[in-house]
Structure formats: C-alpha cells, structure tokens
Amino acid sequence: MSEALEITGLRKSYGPVEVLRGVDLHARAGEIHALLGENGAGKSTLIKVLSGVTGAGAGTVTLGGRRLTLGRPTASTAAGVRTVFQELSTIPQLTVAENLLYGAEPLTPWGLVSGRRLRAQARELLARYGLARIDVTRPLGELALGDRQLLEVVKALREQPKVLVLDEATSALSSEDSAWVLEQGRRAADNGAVVLLITHRLAEMRAHAERLTVLRGGESVLSGATADFTDDELIVGMLGRRLEVLYPQRSGAPGDALLEASGLAVGDRIGPLDLTVRRGEVLGIGGLQGQGQRELLMALGGACGSRGSVRLSGSPYAASSPKAALAAGVALVPEDRQREGLFLQQQVRDNITIASLRALTRPGGLLDAGKAEAAAREQAVQVGVATDRLGTVVSALSGGNQQKVVLGKALLARPSVLLLHDCTRGVDVGTKADIFALIAELADRGVAVVFYSSDLSELVHVCDRVAVMAEGRIVGEVAADALTEQAILRLAVGVTPTRTEVAA
Amino acid sequence: MSTASPPLERAPRGARLSLPRIPLGTAATALLLLVLFVVDLNVQPGLWDVDQLGMLVQTALPLVFVAAAQTLALLVRGIDLSVGGVFAIANTMTAVWVGADGGWLMLIAVLAVGLAAGAVNGLLISYLNFQPFIATLGTWTAYSGIALMILSTDGGMVPTVLSDMLYASWLGIPSSFWIVLIAFLLWRILRASRFGHQLLAVGDDEERARLNGTPVRRVRLLVYALAGACAAAGGIMLAGVTSTGSPTSGDGYILLSISAVVIGGTSLAGGRGGFGLSLMGVFSLTLISDIVTGANLDVWVSVAASAVLLLVMVTIRALADRRTARSAA
Amino acid sequence: GSSDDNSSSSSSAGDSGSSTSASSSGGESKSGGGPYKIVLSNNYMGNEWRPQMVNVARFVADRMSDKVDLDVRISDATPAAQIQSLQSVIRQRPDAIMIDAASQTALNPVLEQACKQGILVFSFDQVVSADCAYKRPQDYEAQATDAVNWLGTQLRGRGKILMDTGLAGIPLSETYVRVWRQVLADRYPGIEVVGTFESQYAPGPELQGVSAQLARNPQIDGILSGAYIASDIKALEQAGRPMVPMTGLDFNGGQKQCEARRLKCFFIGAPAFVSGMAIERIVRVLDGGEQPRDEIYWDTNYVSAAGDIDFGATQRVEPLKDGENYYADGSDSLVTPITYGDWDITAEDVLAK
Amino acid sequence: MSRLRGHVSVSTASAFGLCAVLFLIATIHSSGFASGGNVRQLLVFSAFIGFAALGQTVVVLSGGLDLSVPWLMAFGGIQLSHWAGDGMPGGVAIALVVLAGAAIGLVNGVGVAWLRLPPIIMTLAMGGLVQAYLLSLGVLNTGGSGVPHAAEAAASDRIGPIPVVALVWLVVAIGIGIVLARSAAGRRVYAVGANDEVARLSGIDVGRVRLAAYALSGASAAFAGVILAGYVGSTYLDIGAPYLFASIAAVIVGGASIMGGRGTYWGTVAGALTLTVLSAMLPLFHLSDAGLKVVYGVVILAGVWLSQSGGALVARLRQRSSSPTPASPEVKSVEP
Ligand SMILES: Nc1ncnc2c1ncn2[C@@H]1O[C@H](COP(=O)(O)OP(=O)(O)OP(=O)(O)O)[C@@H](O)[C@H]1O
Ligand SMILES: Nc1ncnc2c1ncn2[C@@H]1O[C@H](COP(=O)(O)OP(=O)(O)OP(=O)(O)O)[C@@H](O)[C@H]1O
Ligand SMILES: [Mg+2]
Ligand SMILES: [Mg+2]
C-alpha cells in the first residue's frame with residue numbers, strides 16, 4: 001500500500017534560525033501516526049508548513065502521490081489537509097455556528113450566508129459528534145476552553161479530511177474529552193485519512209497511534225511502528241538523554257496549615273467552599289472540566305473578586321488583586337498562557353521579570369539591569385528555557401516553551417503559595433519531569449502548591465491530596481493513601497464518596 | 001424543508017438563551033438614547049412633527065455614513081482619519097463635477113472615487129504594513145489638498161435629483177429615515193455575507209483568521225475601500241443637505257465619527273461592534289447637541305452640558321458592560 | 001443715534017438708530033412692538049474676535065432689553081453642526097436669527113426654511129448667500145486693496161515681502177490672496193513675494209509661519225498679512241531683524257506696539273461691534289423700518305503714526321489715537337475700536353464672560 | 001538597554017534618519033535652511049510638539065490616547081495669564097498651572113482606569129469640560145499684562161546660541177527616556193500597553209499606571225501651553241488646536257504602536273523634529289495651499305515607509321551578522 005503522506009527533506013528557517021533541518025515523515029492512509037518531540041523540536045512548524053500557513057525552504061510534501069504546493073493555505077485545504085492547531089484558531093466573536101462553518105457557509109441564492117441553514121447545519125454537525133448540548137448561537141468566546149477545543153476538532157472534521165492533524169488537541173482536555181477527540185481521530189483514520197497526532201502524553205500515543213516519527217532539533221530521528229519502541233527509547237529519541245524518573249519521590253511531610261479558605265465564593269455559582277493547604281503540601285484540584293476550578297484558583301490568586309475569608313499563615317489575607325496576592329506571597333500560573341500569561345511581543349527576559357520588578361529595583365527607582373538579567377537567567381535555567389533565548393520575543397517560542405516562561409515568571413516572585421492551572425499543558429516529557437521535580441523541590445522547601453491539571457495521572461502522581469470539585473463545590477477529597485484515578489473520577493461524577501473509596 | 005432539521009434536544013439552558021441575547025451594555029445605550037429622545041421632545045416640542053424629526057435625521061446623515069466608514073475601520077482594528085479627506089473630495093466633486101444637472105450615475109461614480117481613495121488606504125495598510133493611524137493621517141492631508149484643488153472655497157451646484165430626494169418623503173415618512181434604514185439593511189447584508197464573517201475574524205484576531213484560511217490582506221483592503229465609499233457617501237449627503245460643496249467640510253467629522261462609533265460600543269481593539277451600534281452613537285450625539293441647543297443655556301454651560309451628557313451616557317454603558325462581564329465570569 | 005455712517009447702502013438708510021434713546025427711556029417708546037426674540041447663531045469661539053463679537057451683541061441687547069431678547073447659540077465649527085443648531089432654533093420660532101456663518105452657501109437651505117416660516121435672517125461678518133437673508137459683509141476687496149497699496153507705497157514699489165495666505169478654503173482668505181496678487185502684479189512689479197505662510201488667523205501659526213520664512217530669507221522688506229501684527233513683530237524681534245512695514249487686523253496688542261515703537265503698520269478694521277450694529281438693524285426691520293437687504297459695511301482702517309496715510313485709499317483711513325481707536329493701557333486681545341455711536345462700550349463689557 | 005529593546009531603537013534611529021534626510025533635502029534646496037537662526041526656530045517649534053506629546057507618548061505606550069491635550073494647552077496659557085493677572089508671581093503661577101494640568105489629567109485617568117471609559121471619549125469629554133471652564137473664565141480676561149514675563153522668558157531666552165526651551169526639552173527627554181527604558185515604572189507602562197490583563201495578573205496595578213500616565217499628559221500639555229503662550233505672547237482658546245494630531249502623529253512617526261506597548265520617547269522626539277522640519281521645508285517649494293497639503297501627506301507616507309523599511313533592513317542585517325549558525329535550540333540539551 002502506497003504511503004499517503006510523504007514528507008521528504010523538509011527545511012524551514014525563521015530568519016537565521018533553521019527550525020526544520022531535513023524532516024522525513026511517511027504516513028499511511030488509515031493510520032494514526034504520532035509525531036513526537038520535545039518542546040521546540042519543530043512539530044508545530046512542520047504542521048504549519050503542511051497546512052500552508054508558512055512556506056518551506058526546501059523539501060517536498062506529497063499527498064496520495066500528488067505534490068503539494070507549499071505556502072498556500074488554499075492549496076493545502078484543497079488537498080484535504082485539516083488542522084487542529086495547538087493554539088486555538090477559532091474566532092471568539094463569531095458564534096459557534098459561524099465558526100464551525102467558517103469558509104463554507106451555506107449561501108442563499110443572493111450570495112448571502114443563510115443564517116437559518118447555517119445554524120441547522122451546525123446543529124446537525126454537532127449532533128453527529130454527540131455535542132448537541134452546545135448552543136450554536138452563542139458567541140464562541142463564551143464557551144469554556146475545553147468546549148472550544150472540541151469545536152475545533154469538529155470543524156476540522158467538517159468535510160472528510162484526507163489528512164487530519166491534531167496538534168496537541170488533547171493537551172487541555174480532561175481524559176474524557178481527550179478520549180472523545182481520539183475516537184474522532186480513529187474514525188477519520190478508518191475512513192481512510194492520515195491522522196497526525198502530536199501529543200506529549202506517551203500513554204495516549206501508545207493507546208492510539210500505530211506508527212510514529214520522533215523529531216529532535218528539527219530532524220526526524222526515529223520512525224516506525226509504535227510497538228517497536230519502548231518508552232525509554234522514545235524518550236531518548238526525543239530528549240537525546242535518558243529520563244530517570246518522571247514523577248519524583250516526595251520526602252518531607254506537610255507542615256502546618258498555610259492557606260485556609262472558608263466560605264470562599266465567586267459569583268453565585270462557585271462556592272461556598274472550604275479549603276486548607278499546608279506548608280510543603282501539593283494539593284491537587286480535580287474534577288471534570290469547568291466545575292469552578294478556574295474560579296477557585298483565580299480567586300485565591302486575587303485575579304477575580306470573591307467572598308468569604310481566607311487566612312494566610314493564620315492572619316487574614318485579602319486577595320483583592322494579583323498584586324496584593326503576589327505581595328502576600330501567592331503566585332498564580334493562569335490557564336490561558338497566550339491571553340493571561342504572556343506579553344507575546346516582549347522578550348523572554350522581560351516576561352520573566354515583570355512580576356518581580358520591585359525586588360529588582362535599585363533605591364533610586366531604576367532597575368538593576370545586572371540583577372534582572374541574572375534573575376531571568378537563573379529562572380530560565382530552572383524551568384528549562386535555553387538561556388540564549390532570553391532575548392527572543394516570546395511569540396517565537398514553541399508552545400511548551402511559552403508555558404515554561406509563564407512558570408518562570410511565577411517562580412521568580414518567590415511565592416510561598418503557588419497556584420498552578422494546567423501548567424504542564426503542552427510540555428514535553430523531559431520538561432514535565434523537570435517541572436514535577438521542581439514542584440517537589442518547592443514543596444520540600446515549604447511552599448504550598450495548589451495544582452490543577454486536566455491529566456488525571458499527573459494529579460495522582462504529583463499531589464499529596466486531591467480535592468475534587470463539581471458544580472462549584474468541593475465534593476470530596478482523596479487522601480494520599482487512596483489516591484487513584486478512579487477515586488478522583490468517582491467523586492467527580494458523583495458516585496458516593498468515602499465508602500466506595502474504602503471498598504476500593 | 002425547514003422542518004427537516006431534527007428536533008434537537010433543547011436543554012432548558014439553551015431554551016432560555018435562544019431569546020435574542022441583547023448585551024446589557026447595548027440595552028443601556030438604547031435606553032439612554034430613548035431617554036435623550038424623550039428629553040429632547042420635551043425641550044423641543046416641535047419634534048413631534050415627523051417632518052421636523054426628519055430634518056434632524058437629515059442633518060445627521062453625513063455623520064451616519066462617516067460613522068459607517070469608521071465602524072468598518074475600527075472593526076478590523078484600524079482607524080480611518082482619511083474620512084475627512086475622502087468626504088471633502090466627494091463633497092466638492094458633487095458640487096463641481098456632478099453639478100446641478102448631474103444624475104445618479106455620476107453620483108455613483110463619486111462613490112467609486114471614494115472606494116478608490118479608500119483602497120489606497122487599504123493598500124498602504126495591508127500590503128505596505130503601515131499603521132492605520134499614519135497611513136490615513138497621510139492620505140487625509142493629501143485628500144484634503146485634492147479637495148481644495150477641486151474647489152478652493154465653498155460653492156458649486158449640487159444635483160437637483162439629490163436635494164429633491166433628500167427633501168422628499170415616502171409613505172409620509174421623510175426620506176432621511178429611509179436612507180438610514182437602507183444603510184442599516186446594507187450593513188446587515190454585509191454582516192451576513194461571507195465577507196462579513198471574515199471581517200469580524202480579521203478584526204478579532206488576525207493570526208487566527210489566517211489559520212482559518214482567511215485572505216487577511218485582501219479582506220483589509222476591501223474593508224478600507226468600503227470605508228472610503230461610505231465616507232464619500234457622507235460627503236454626497238452633506239452636499240445634498242447644504243446644496244453646496246465645501247472643501248473643508250470633512251475634517252469636523254473625523255473625531256466626531258470616532259466618538260460616535262465608540263459611544264455605540266464598537267471597540268477600538270477590533271472585532272466587536274457594528275454599524276447598528278454606531279447608529280445609536282450618532283443619534284446620541286445628535287440628540288445631545290439638539291437638547292443643549294434647545295435648552296438655550298449659557299455658552300459655557302452648554303459646552304459643559306454636552307461633555308457631561310456624553311460622560312454620563314458612556315459611564316452607564318461601561319458599568320452595564322462590566323456587570324455583564326462579571327455575571328459571565 | 002448711533003453712528004452708522006460707515007455703511008454704503010443701496011438705499012440711503014435713515015441714520016436714526018433706535019439705540020440710546022430706546023434704552024435710556026425704558027419701554028416707553030414701543031413704536032413697533034417687542035421685545036423681539038433674536039437668536040445669535042455663531043459657530044466658533046476659538047479665536048479672540050468671536051467672543052468679543054458675542055459680548056458686544058449681549059451688551060447691546062442688554063441695553064435694549066425692552067426691544068430685544070437675545071439668545072446666543074454656539075455650534076461646533078462644521079456647517080452641519082450649525083445647520084442642526086439652526087433647525088432647533090427655527091423650531092422655537094424666534095423673530096429673527098442673526099448669523100455669523102460657518103459657510104457662505106451651506107446654510108442656505110435651512111435659512112430659506114427659516115425665511116419661509118417668517119423668521120428674519122440677518123447675516124454679518126461671514127455672510128451667507130441665501131437670497132432671503134439680509135447681508136452685511138465687510139468689503140474684503142476694498143480692505144485688501146488698501147492694505148496692499150499702503151504697503152506698496154511704504155516700500156516705494158520695491159522689495160521682498162512675505163504674504164499671509166490665511167486659512168485654506170475660506171472665502172475671506174481667497175479674496176485677500178486674489179486681490180493682493182493681482183494688485184502686486186498690476187501696480188508693484190518691483191515687489192516680490194519671497195515666501196508665504198498660513199496665519200490661520202491665529203497668533204501662534206502666524207508667529208511660526210513668519211519665523212520660519214525669516215530664517216530662510218535674509219532680506220524681508222515688508223509683511224502683507226490679514227491677521228496678527230503683534231506676532232510679526234515678535235518674529236522679527238526673535239530673529240534679530242529690523243522692523244519692516246506690516247499689515248494686519250486691528251488688534252490692540254499690535255497697535256500698542258506699533259505706536260510705542262513708531263513702527264509702520266496698517267490695521268485692517270474689523271471691529272467686533274458689527275454684531276451690535278446687526279441687532280439695531282434687525283430691530284429696525286422688525287419695527288417696520290427701512291433696511292436694505294444687501295449692505296456693505298464700510299470699515300475704517302488705521303495706520304500707525306509712522307506710516308503714510310496718503311496712498312489713495314478706497315476706504316476711510318485714520319491714524320491711531322489712544323483711547324479712541326486703540327488703548328495704550330488695554331488688553332492686547334481687544335479688537336479696536338471697542339465702541340461705536342453712543343454706546344460707550346468698555347473693555348470690561350467686551351471682555352466679560 | 002538597547003540590548004533589551006533592540007527593535008525599538010532601530011525604529012527610533014530610522015525616525016531620526018528620516019528627519020535628517022528631510023533636513024538635508026531642504027538645505028540642498030535652499031542653504032538658508034541650515035542657518036543657525038532657522039535651526040533654532042525648528043528646535044523651538046519641535047519643542048512645543050515635543051512637550052505636548054510627552055505625556056501623550058506615555059499614554060499611548062500604556063494603550064490609551066489623550067485627546068484633551070489641545071484644551072489643556074489652552075488651559076495652560078489662559079489660566080496662567082488669569083492668575084498672573086491677579087498678581088501671582090510668574091514662577092509660582094507656572095508651577096500651579098502645571099499641577100492643575102496634572103490634576104485634570106488625573107481625572108482623565110480616573111475615568112479610563114476606574115470607570116473603564118474608552119480613553120477617546122473620556123479625554124474628549126474632558127476637553128469639553130476644560131473648554132467650558134475657559135469660556136466661563138471669559139476667554140479674553142487676560143488683563144492688560146497678558147502672558148507673564150516668566151513664561152515669555154522660558155519660551156524665548158537663550159543660553160549662548162541654544163534656546164532654553166530646547167535645552168529643557170533635551171533634559172526632560174533624557175529623563176523620560178531613562179524612566180521608560182530603565183525603571184520599573186517604565187516596564188509597567190509597557191506591560192500595561194502590551195496586554196493589560198496579563199499585566200494585571202502579573203501583579204501590576206494597572207489602574208495606577210494609567211492614572212500616572214494621564215496625569216503626566218495633563219501636566220506636560222499644560223506646560224506646553226505655558227511655553228507656547230509665552231512664545232506667542234498671547235493666549236486664546238484654540239491655541240492648542242494644531243497640536244491634537246501633531247502630538248499623536250509625533251508619537252507614531254517615532255515608531256510607537258497606537259495599540260500600545262511599543263515605542264520610546266526618543267522616537268517621539270524624532271517624530272516632533274520630523275513633523276516640524278517637514279512643515280517648515282514645504283513652503284520653500286512655492287506650492288499652492290492645496291498642493292502643499294497633497295505633498296505633505298505624500299511625503300509623510302513616503303518618509304515613514306522608507307524609514308520603516310530602512311529600519312527593517314538594518315535589523316535584518318544586524319541579525320544576520322550576529323548569529324550565522326542555524327538552529328539554536330530553546331531547551332538545554334543534556335547529552336545522554
Ligand atoms: N515565528 C517564529 N519566528 C521565529 N522562530 C520561531 C517561530 N515560530 C517557531 N519558531 C521556533 O521554531 C522552533 C520550533 O517550534 P515549534 O512550534 O515547531 O515547536 P514544537 O515542536 O511544536 O514545540 P511544542 O511541543 O512546544 O509545541 C522553536 O525553536 C521556535 O522557537
Ligand atoms: N508564507 C506565509 N506566511 C504567513 N501567512 C501566509 C503565508 N502565505 C499566505 N499567508 C496568509 O494566509 C492567508 C491566505 O492566503 P492565500 O494564499 O490562501 O490567499 P491569497 O489569495 O494569496 O491572499 P492575499 O491576497 O492576502 O495574498 C493570507 O492571509 C495570507 O496572508
Ligand atoms: Mg507545537
Ligand atoms: Mg507543546
């Protein structure tokens with residue numbers, strides 16, 4: 001059987017930096033082909049070339065034997081390439097229906113978009129994928145991030161794609177939604193499409209991809225059937241080194257209570273809820289998506305108004321603003337790195353230091369440039385951003401590395417409470433391991449960490465204890481000794497808590 | 001065949017939301033507009049006469065069209081200062097080139113000139129990567145010069161078909177109302193076209209629009225060209241209302257159009273808003289100045305009163321918007 | 001009676017102004033009824049002239065309160081804004097509208113409408129061309145001719161001068177520039193315009209414009225401007241250049257300096273009290289008196305002591321005289337003279353709020 | 001600090017380059033243009049724009065816009081004459097006027113930062129209120145003395161051949177340049193302009209930054225009004241009108257983004273000089289008013305485009321020469 005997608009010798013430079021250095025990739029129709037690699041390896045760039053949004057310096061792409069004209073989105077679209085991009089590409093101001101059928105709107109005889117048929121088709125499309133619960137007339141921006149990601153997938157599937165690219169389409173999703181996305185991928189493959197799956201979750205990849213290609217530094221270093229490689233081999237392929245452990249061993253026991261919230265409520269849908277985090281403890285926040293986890297973290301970080309009382313080291317803590325929170329030693333890594341975390345057009349060093357300016361200022365009010373540089377450098381090393389990229393504009397970093405910059409910014413503020421909202425989203429295994437090690441180290445130094453992740457296994461392995469939320473309330477806790485994915489899920493979906501726990 | 005679409009499960013939430021959702025801010029602006037209107041009716045009882053009201057709308061017509069132009073530019077995260085110049089070119093062309101005996105065809109040609117002038121802005125902005133502010137500042141000055149070449153001082157003759165049309169009424173309703181209505185319908189059509197979707201997409205987030213395969217630069221070019229045509233329509237309207245051409249008549253509309261559009265609620269950050277909102281902004285400004293004139297206040301009091309009314313209007317809207325934002329969070 | 005002697009009218013208007021007698025004798029002589037509701041529609045307050053014009057109107061109306069009930073409406077500077085304001089005025093049905101117009105032609109339709117409703121329309125300063133309106137413009141052509149002839153005489157027909165082009169697009173500037181260029185070409189071929197500047201009828205731009213030209217032209221023998229002599233003096237001074245003959249408008253600041261320093265200056269008369277004169281004429285018409293529809297207001301122009309007064313002027317020309325047509329202790333901003341006829345308008349009245 | 005914001009300094013440099021090119025063309029055309037007297041004039045006129053655009057720069061950097069600048073300039077001159085006419089010493093009156101300008105600007109800031117009004121509307125309305133206040137003063141009530149001597153001196157005195165205003169401007173530009181590029185306050189301004197939500201979540205008091213920016217704009221506009229009135233020797237309501245677009249255009253020609261977050265005050269300085277040189281040189285070419293306008297518009301566009309692409313070229317060359325080697329990875333790579 002001839003290979004449906006053949007990429008040979010693909011090269012691509014951004015200015016002087018060569019990002020793809022001769023990538024080869026061969027994928028068959030009907031298979032899910034995983035594309036692996038550490039952050040910045042060039043996966044997304046490869047995808048952008050494939051989908052025509054950027055051109056390439058050299059190399060060819062053939063699809064079903066036909067050579068693809070590079071650098072023209074229309075050409076790729078016509079050839080049947082559909083991409084779910086790593087950074088969301090749906091348009092918040094347009095409605096769900098308008099987004100789903102963007103570029104293929106049903107027209108009336110007058111050449112206008114027929115609103116009625118547009119909505120009907122959108123509903124039909126959603127119904128086909130079991131998402132009829134989503135109201136097609138809502139502006140997309142009002143939906144939760146997860147739903148938006150799902151719609152992104154639906155949109156890509158709109159017209160039977162020949163190549164479906166899922167660029168970290170699952171990284172922001174709960175396991176349930178991830179499963180849904182991957183199932184759609186499988187269906188597309190069964191219909192004869194090539195599905196390119198980019199993910200940093202090896203288990204996910206193993207469960208779904210038949211074959212894989214590993215990129216490192218813009219070159220393809222491994223390719224073949226998934227079953228032929230062990231995880232270790234893949235990791236060495238990706239990172240160029242062994243990974244001793246992914247989840248670190250925790251040593252110290254949690255200390256006394258550091259952050260205590262009681263009757264905390266946000267708006268009229270979230271709370272009231274009580275929560276205690278101890279020094280040196282990693283408290284996980286679990287639950288299905290959109291159950292108020294975001295609001296909880298935002299409220300604790302001073303980023304949105306809340307009621308109720310919070311105490312920090314025993315004294316009252318008014319999280320009236322992120323500034324107040326940071327001053328009190330509470331730092332937040334927000335959910336949406338592009339909209340909440342980063343100044344995309346500023347340099348890495350400026351992004352890292354922005355939340356800690358006070359500490360970097362000389363008495364006269366001027367910044368201590370040397371100190372700032374050193375701090376940024378130290379932080380970059382700690383989170384794993386190459387120090388020679390300190391002068392790079394953040395938008396030119398790969399998604400995972402952008403995430404590390406946000407983390408670096410929060411850590412430089414030297415928090416005693418660290419609120420992490422999905423901080424490993426889109427981060428490669430190597431760096432993930434580093435981040436987990438970092439969390440463990442911080443906790444061992446007495447920092448209280450509140451950790452929310454859409455990845456259940458991370459919750460299980462990283463946290464000392466997980467509080468599970470549903471409908472804006474904390475519905476139960478899973479203690480360290482009973483911490484399993486099932487335990488969290490059961491609470492999340494409302495199966496009676498404690499007894500089941502004990503039985504398990 | 002409309003029944004063919006399956007009776008989808010209607011979640012109670014969906015049912016509640018399927019009512020047209022008018023954002024609180026928009027509702028607030030509409031309400032304030034109504035209040036202004038009622039106040040104006042009291043200050044100026046003459047307005048109960050529909051013809052008088054028609055005259056009021058008529059004087060607002062030039063601003064209506066310039067605001068349409070500005071709305072388009074703002075929607076794609078731009079700004080158009082050249083509306084002042086394009087307006088003046090169209091205005092003087094109507095009075096000099098079209099002249100008293102000119103017909104509709106020639107007026108359409110004037111619109112085409114506006115379209116071309118706007119396209120120049122579009123080229124500068126999307127293909128030569130000018131910031132919209134600088135591009136249109138430059139063309140504004142240049143276009144103003146061209147208008148002065150066409151007509152060095154007020155004068156000329158305006159086609160009678162135009163002034164007759166402006167002073168006519170249809171079904172007992174003055175033509176100015178119909179013109180506003182038609183302009184609004186044209187906007188709805190534009191909004192409902194594929195181009196309308198692309199326009200919002202580009203304004204909302206250029207990068208995402210590009211990822212979706214939108215020909216971003218072409219859309220921008222077209223938007224500025226359309227803005228030029230709208231500004232030209234404004235110039236033609238003023239020529240019709242005043243029966244004369246004036247080379248400097250456009251400049252006053254630059255700030256005025258930006259404020260009208262922003263009062264309506266179209267965001268300077270692009271992608272949000274529309275001409276319907278801008279219409280509310282235009283009529284708010286018109287009513288405010290009508291009230292202040294009608295109330296016959298001291299000069300400085302009336303200047304202050306306009307400013308205060310403007311602030312009250314926008315503050316209430318801002319508070320309403322914030323409320324919406326909070327309840328959505 | 002007020003001295004309306006400086007008017008040229010097609011019909012000989014009776015000179016018996018109603019003014020002083022009416023005001024001093026209270027409401028006793030209600031020959032033609034009243035008080036009349038008069039609205040002053042003005043479209044601009046940004047320079048020094050318009051506010052004084054408005055204040056004079058207020059002053060005169062106040063003194064004639066038994067005959068006149070004056071409202072002042074200031075609109076934005078666009079014709080459309082003034083049209084809208086006029087519409088609102090028309091709805092209130094005043095007896096008369098007096099207007100200093102944003103455009104010569106653009107307001108015609110709305111003013112015709114006012115006339116149709118029986119409202120008297122009287123335009124002055126920047127007049128309109130509507131047929132039904134009374135018009136009382138100044139004689140821009142005569143003023144411009146006298147100014148350029150004066151300068152030509154001062155320079156004995158030779159030299160390099162700077163010329164003010166005023167403000168692009170407005171009729172006044174058009175007329176000035178046209179007349180100046182024509183007279184220079186016809187009668188003073190030896191005078192060369194080496195530079196132009198746009199005074200915009202504001203002191204700042206005039207100063208900038210003249211300064212810029214001075215820096216570039218080593219020799220300047222005269223300045224032909226329709227605006228601020230005080231700014232010209234300042235520019236010359238700052239450039240360390242000798243003073244030259246200059247023309248400009250009748251602002252007290254320039255007049256004070258020209259007198260004190262014995263400079264050769266010609267001041268185009270553009271008194272702010274034309275508004276007061278307009279009110280008197282409106283009352284006369286409403287009372288049923290005679291008033292020509294088109295009447296040219298004849299200004300007096302003023303020459304500083306150092307400048308020649310005999311150059312074959314078409315309009316009346318007078319030397320500056322303290323307390324009469326300029327005020328050595330008065331504010332620089334005053335438009336002179338500040339009073340006419342028997343009104344005794346004081347600087348305080350003109351400069352009031 | 002050019003290391004930190006390399007791209008900005010390139011655009012600032014190209015704005016200065018544009019100005020120099022225009023100056024050169026004018027000098028070639030008529031040599032008087034380079035005379036000491038003319039250069040001095042150009043500096044003084046640029047300084048008026050420079051001061052009017054000082055706060056405007058910071059406001060634009062923080063993502064706003066200040067349309068009340070021309071009215072605050074009128075306020076500066078008229079209020080000064082008013083107070084001086086009441087017998088207040090000139091220096092004191094100037095200081096008070098600038099403070100009052102800051103206070104008015106602060107109100108703009110309150111509207112924008114706390115009430116979240118669109119800056120365009122807030123500052124436009126504030127302009128209206130200031131105008132109303134000035135009208136209520138009696139615009140012309142400047143007394144016999146007019147503008148106090150202190151203001152005239154500030155505007156017209158020289159130290160050697162150099163006008164005092166230009167010197168003051170230079171000092172202020174250096175100060176603002178340092179604050180913007182090297183202080184925490186400056187970094188916060190850029191952050192707020194780049195993305196206010198990210199700035200807020202990064203612990204920046206966005207409201208306070210905005211308040212300060214608008215207050216500075218009020219103060220600098222009032223000061224510009226004071227020196228302009230001093231220079232002209234009189235004041236009137238519309239004295240600031242030409243500075244509405246000039247103050248914004250100077251900022252943008254100087255390479256700043258109107259959306260905020262990008263630009264420098266040195267760019268604005270270059271922009272102010274460019275605008276002044278351009279409008280001073282065009283009358284040399286004996287065009288009609290109409291022709292003048294057309295040429296002015298076209299030259300602005302051509303000039304900005306040339307300096308932009310020149311700047312981009314320089315940036316590209318510099319980048320090429322500095323890092324010839326491909327593929328610098330983002331992550332630390334450890335050998336196995
Ligand atoms: N617009 C750009 N300009 C310059 N460099 C860029 C640009 N976009 C990406 N790069 C660089 O290209 C390299 C590859 O980035 P890419 O986004 O393809 O990585 P990735 O493999 O998708 O990583 P991740 O897993 O983090 O998403 C990175 O070094 C990145 O910094
Ligand atoms: N190499 C590229 N890098 C980034 N964007 C690109 C590139 N090539 C095309 N695009 C963008 O993708 C979009 C669609 O491009 P496409 O080629 O389909 O349209 P087009 O007809 O060429 O449009 P245009 O008239 O804007 O050039 C455009 O907005 C274009 O700017
Ligand atoms: Mg990627
Ligand atoms: Mg990633």
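Quick note on labels: first sequence line is chain A, next is B, and so on, each numbered from 1. Since we're looking at a predicted model, the values are computed, not measured.
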Non-hydrogen atoms of [X] and [Y] that approach each other most closely:
| X | Y | value |
| --- | --- | --- |
| A:F343 | D:A194 | CD2-CB, 3.6 Å |
| A:T361 | D:A184 | OG1-CB, 3.5 Å |
| D:S183 | A:G365 | CB-O, 3.3 Å |
| D:L201 | A:A303 | CD2-CB, 3.2 Å |

Most contacts with chain D, counted as non-hydrogen pairs under 4.5 angstrom, among A:G218, A:A41, A:G341
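Option with the top pair count is A:G341.
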
[X] portion near chain D, given a 4.5 angstrom heavy-atom threshold:
| X | result |
| --- | --- |
| A:R216 | neither |
| A:L342 | backbone |
| A:I354 | both |
| A:S321 | neither |

Supply the atom-to-atom distance A:R339 CZ to D:E197 CD, rounded to the nearest 0.5 angstrom.
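It is 11.0 Å, given to the nearest 0.5 Å.
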
To the nearest 0.5 Å, what is the distance between OG (D:S202) and NZ (A:K323)?
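D:S202 OG to A:K323 NZ: 13.0 Å, rounded to 0.5 Å.
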
May I ask you to decide if A:L357's main-chain N or O and D:R187's side chain share a donor-acceptor pair within less than 3.5 Å?
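Here the side-chain-to-backbone pair does not exist.
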
Any donor-acceptor N/O pair, D:R200 side chain to A:P322 backbone, under 3.5 Å
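No, because the side chain of D:R200 does not come within donor-acceptor range (under 3.5 Å) of the backbone of A:P322.
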
Got A:K409 and D:V198 here, is their nearest side-chain heavy-atom distance under 4.5 Å?
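Yes; the side chains approach each other to less than 4.5 Å.
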
Does any non-hydrogen side-chain atom of A:R362 lie less than 4.5 Å from one of D:R182?
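D:R182 vs A:R362: side chains apart.
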
Counting only non-hydrogen atoms closer than 4.5 Å, does D:A191 touch chain A with its backbone (N, CA, C, O), its side chain (CB onward), both, or neither?
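Looking at D:A191, backbone and side chain both touch chain A.
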
